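Reading through the structure tokens given below for one structure.
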Number of protein chains: 2
Amino acid sequence: MRDDDAVFNALADGSRRELLDRLYARDGQTLRELTAGLQMSRQAVSRHLGVLEGAGLVVTRRSGREKFHFLNPVPIQLIHDRWIDKYTERPVTALVDLKTELEQRHDLIDPP
Amino acid sequence: MRDDDAVFNALADGSRRELLDRLYARDGQTLRELTAGLQMSRQAVSRHLGVLEGAGLVVTRRSGREKFHFLNPVPIQLIHDRWIDKYTERPVTALVDLKTELEQRHDLIDPP
DNA sequence: AGAATAGGCAACAAAAATGTTGCCTGTCAA
DNA sequence: TTGACAGGCAACATTTTTGTTGCCTATTCT
């Protein structure tokens, strides 16, 4: 497996993505704050945060008995850069543009 | 679950990401072409491509008995937009910048 | 028509992920 | 120092995922 496996694996779970959403809305929350409203045990949330931290999507900072969590958007930026060419400017603005391009390519392969 | 679940689930598998890499390198490949070199049965690759197509990451076009696969980068762009603010320009250029910001925030909470 | 090619579907076993409960350590306040 | 609070670790059962094998239909070529 490649190194980015942890990132994609962490993003695969809906609860973890919701945790990222919460941190995106307000950074620096503790485990208890993030658990509130998630209808899951504190231990489960703790492990989810551990997965996110292991993937580098969340950075933590401990202060006394509290642990603050921060969103790190860098791995997400890398996902974007992997399949979207920033130089040749692929048609990513709308699906309609892509479909148009597909029709053209298909005409090259199998002309009408 | 949300609607984007299929996309993240599709990206969670390393073999599927490799298929996207291959399509990114050369679009419009058939199932046989994509299977070559992947050390997996054709049926397994077929199901992986089905997952990618179901998530909208791959668009297909059938011509006779052959099926061509094309990469659709739109869902990946949406992932990027979800957690990276394009207006306020968060510090996503380097992890160093983020760490610096985290130090500053921590000083606000727990001054030295 | 007959053979070869491209792809699809379903059932099965093996492997991995998820959430729970129970118990533990460290920190803060009265 | 005693009790309350924040968080961590491990074992367990349940569910999901993954790849294989076997068999099927549709299309192309001789």
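All values derive from a computational prediction rather than experimental measurement. Letters A, B, ... mirror the listed sequences (proteins, then strands); counts begin at 1.
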For this session: Would you mind reading off the distance between A:Glu66 atom CD and C:dT27 atom P, rounded to a whole angstrom?
Result: 13 Å
Exercise. In whole Å, what is the span from the CD atom of A:Gln29 to the P atom of D:dA6?
Worked result: 14 Å
Seminar exercise, completed: Of all heavy-atom pairs linking A:Phe70 and A:Arg61, the shortest is CE1-CB, 3.8 Å
Exercise. What's the NE2-P distance between A:His69 and D:dA6, to the nearest Å?
Worked result: 14 Å
Exercise. Do you know the tightest heavy-atom contact between B:Leu23 and B:His69?
Worked result: CD2-O, 3.4 Å
Exercise. Which whole-number value in Å describes the distance from A:Glu53 CD to D:dC9 C1'?
Worked result: 15 Å
Problem set entry | Rounded distance (Å) that lies between atom P of D:dG19 and atom CG of B:Leu19 | 10 Å
Problem set entry | Proximity to the side chain of A:Arg32 - top-ranked nucleotide from D:dG7, C:dC28, C:dG8 | D:dG7
Seminar exercise, completed: In short, B:Arg62 meets B:Arg65 closest at the heavy-atom pair NH2-O, 3.9 Å
Exercise. Looking at five pairs on each end of the helix from C:dA1-D:dT30 to C:dA30-D:dT1, what is the angle between the two axes, given to 10 degrees?
Worked result: 30°
For this session: Specify the separation, in whole Å, of atom CG of B:Leu31 and atom P of D:dT27.
Result: 17 Å
Exercise. Does OP1 or OP2 of D:dG8 have a side-chain N or O of A:Ser46 closer than 4.0 Å?
Worked result: yes
Exercise. Do A:Leu20 and A:Val51 share a hydrophobic cluster, counting only Ile, Leu, Val, Met, Phe, Trp and Tyr and linking them when any side-chain heavy atoms are less than 4.5 Å apart?
Worked result: no
Exercise. Taking all atoms of both residues into account, what is the closest heavy-atom pair of A:Asn72 and A:Gly56, and its distance?
Worked result: ND2-O, 2.9 Å
Exercise. Rounded to whole angstrom units, what separation is found between the CG atom of B:Leu34 and the C1' atom of C:dG7?
Worked result: 13 Å
Problem set entry | Rounded distance in Å - CG (B:Leu11) to C1' (D:dT18) | 17 Å
Problem set entry | Nearest to side-chain heavy atoms of A:Arg65, which nucleotide of C:dG26, C:dG7, D:dG7 | C:dG26
Seminar exercise, completed: Shortest non-hydrogen pair, A:Ala10 vs A:Leu52, comes out as CB-CD2, 4.0 Å
For this session: Could you run through nucleotides 14-23 of chain C and give me one letter per nucleotide, 5' to 3': B if any protein heavy atom sits under 4.0 Å from the base, S if only the sugar-phosphate is that close, - if neither?
Result: ---SSBBBBB
For this session: Would you list the pairs meeting side-chain hydrogen bond (donor to acceptor under 3.5 Å, both in side chains) in which at least one residue belongs to residues 38-50 of chain B, sequence neighbours left out?
Result: B:Arg16-B:His48
